[in-house]
Amino acid sequence: MHRLTGVGASPGIAIGVAHVLASRVEIHERRIAVLEVDAEIARFEQALRDTDEQLARIQAQLAATEGDDHQYRILEAHRLMLSDVHLVERARRMIRDEQTAAEWAVRKALDQIQAVFDKIEDPYFRDRKSDVALVGERLLRTLVGRREHASAEHAPKGCIAVAHELSPADAAQLGRADAAGFCTEGGGRTSHTAIVARALGLPYVVGVEGLGHQVWSGMTVVIDGFRGEVILDPDEEALRRYQARAAVHGARSQRLAAIRDLRAQTQDGSVVHLSANVEMLEEIPIAVDLGAESVGLFRTEFLYLERNELPTEEEQYAHAVAALHSAAGRPITFRTLDLGGDKLPPSVRIPLGTNPAMGLRSIRYSLKRTDVFRTQLRALYRAAAEGPTQILLPLISGVAELRAAKDLCAAVRDELRRQNVRYAEQVPLGVMVETPSAALITDLLAAECDFLSIGTNDLIQYALAADREDEHVGYLYHPLHPAILRALRQIVVGAERMGKPVAMCGDMAGDPMLAWVLIGLGLRNLSMAPRQIPVVKSIIRSTEIADAERLLAQALTMSTETEIEELVYGAMNRRFALELNDGEDDRPTG
Ligand code: PEP
Ligand code: MG
């Protein structure tokens, strides 16, 4: 048994047999000049040495921890492959005789070796092909200096997919193949792949150093997406413990799946509209499947973050129309570009200033770069003709910004009309309330827009002056701070006074612990990560509005976030033990 630590990117426990994905690096044929041959061979040899060093480092880590002999020997074999004549000599000869770039020579040599493995009947030796692929792809990654995505084809049902890196598309494919979970050496908690994993409800651990050389297909693996741990070859006791935890989660998921098609209606008949926050097209069918009644927040900037060029109007239009088709008649609220701050696309230069979170970001950037903004608005008004659409403006801090954005929207509609382009004239325009100023003047904003949506992620950071990205001030970031509760109440009252609907789309909306506080505040429209919908719905369905209102009223009498948290978490844990218990108390030792 061997426990590796990474970062939990999608919660849950998965137990299964490892399926190691040979992550094939994309290599294109490249020729070199005769004069460059010696330098190219030197580069190849340096890559061999660097790759060997990487493997030696992992071996040393292994020896320093549990000293698993079997894995140590596998690594030894992998290192030997780096001096194997079939690989090294063949590649060297190709560089010299055919004047090819080193990576192309390695790719060709690998293909030839793997073709030989394919002909072997014995399954044990045939499976060694994945070892050659692991070493070969590592060498190629060293040569090209980058990481490439794995292919997720042919993953067996219930497997734990293991890869160097996974693309969001791979994750979606693994979900379709019914994989139980996955883990990668690279990747990050906030990567798009992690978003897809969370949407699919598949446990995912990222950043597991040395993973690729300590696991092989067929090995039993446990993924603990809560704690960011991967357990290779667990002993019986550990296996039993994780099976028990997995059973708690499984039972909970089944209970929740049973209410999938039911409405989020309280015991006394109030209906809460539950919608999904999505960043990528792949998430929409998953959200629909989980019971999302609409897409309450489509973070459009993700289309910009993934590419080097700005997306064209046609691309954005096609993307929005595809989203609307995928939502099959459910309305989509497209939030306009929220770039800047921590979201910096390679295609535009945004001055960071000394404090990017308070700098030229979001609607401020859009109103400065009206060419970029108008292109997006044209695409959205055109797409709106193809399905129910709303447009939502992020980070509005005053009425002037709202008016400026509305003027641009009107100008875009005028232009489309004059050009005889098909578009929708009536598209509800909403304002995100995520700055303290917007919270204080919600009524003024509500008077001039069609709907509001509370972005608590930003509202909390600005109201409490605690950067949401900075772990040093993370201790200040409390959704249940009295100031936040008061701000939320003021927003809801302000919107109601003007007769405008108000939703919440920050992470607070999807926290089942906070469901009563939000309902008590009068919120009836919550947009959240798709995976949260069933549990929040389950809580709402067993709620009496009066209970929620009482809890909120009591919370509003308290002076500190600690008191309020004790009150709210205590009440929710007592009342919803089944929904909220995820078996986390059963912490393993060792
Ligand atoms: C928010 O700030 O609450 C929000 C929903 O927007 P984002 O998380 O994309 O900043
Ligand atoms: Mg925000």
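Indexing begins at 1, ligand by ligand and atom by atom, following the structure's order.
- Checking Leu377, Thr375, Asp371 one by one against Phe373, the side-chain contact (heavy atoms from CB on, under 4.5 Å) holds for a single residue, Leu377.
- For the Mg ion (ligand 2), the neighbouring protein N/O/S atoms at less than 2.8 Å, given as residue and atom, are Glu434 OE1, Asp458 OD2.
- Pairing each heavy atom of Arg198 with each of Arg531, the nearest pair is O-CG, 3.1 Å.
- A centroid separation of less than 6.0 Å is found between the aromatic rings of Phe298 and His319.
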Give a table of atom pairs where an N or O of ligand 1 lies under 3.5 Å from a protein N or O.
unit_1, atom_1, unit_2, atom_2, d
ligand 1, 2 (O), Glu434, OE1, 2.9
ligand 1, 2 (O), Asp458, N, 3.0
ligand 1, 2 (O), Asp458, OD2, 3.1
ligand 1, 3 (O), Gly455, O, 3.4
ligand 1, 3 (O), Thr456, N, 3.1
ligand 1, 3 (O), Asn457, N, 2.7
ligand 1, 3 (O), Asn457, ND2, 3.4
ligand 1, 6 (O), Arg335, NH1, 3.0
ligand 1, 8 (O), Arg299, NH2, 2.8
ligand 1, 8 (O), Asn457, ND2, 2.9
ligand 1, 8 (O), Arg468, NH2, 2.8
ligand 1, 9 (O), Arg299, NE, 2.7
ligand 1, 9 (O), Arg299, NH2, 3.4
ligand 1, 9 (O), Arg335, NH1, 3.1
ligand 1, 9 (O), Arg335, NH2, 2.8
ligand 1, 9 (O), Lys343, NZ, 3.3
ligand 1, 10 (O), Asp458, OD2, 3.1
ligand 1, 10 (O), Arg468, NH1, 2.9
ligand 1, 10 (O), Arg468, NH2, 3.4

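- Proximity of His164 to Thr184: side-chain heavy atoms (C-beta onward) are nowhere separated by under 4.5 Å.
- Looking at heavy atoms from C-beta onward, Pro479 lies in side-chain contact with Ile460 at the 4.5 angstrom threshold.
- Of the possible donor and acceptor atoms, none in the side chain of Glu549 sits under 3.5 Å from a partner among the backbone N and O of Gly520.
- At a threshold of 4.5 Å between non-hydrogen side-chain atoms, the residues Asp224 and Val205 do not count as touching.
- By the 6.0 Å contact criterion, CZ on Arg486 is open, its count of non-hydrogen atoms from other residues, nucleotides or ligands being 12 or less.
- Listed for the His481 side chain is a donor-acceptor partner under 3.5 Å among the backbone atoms of Ala483.
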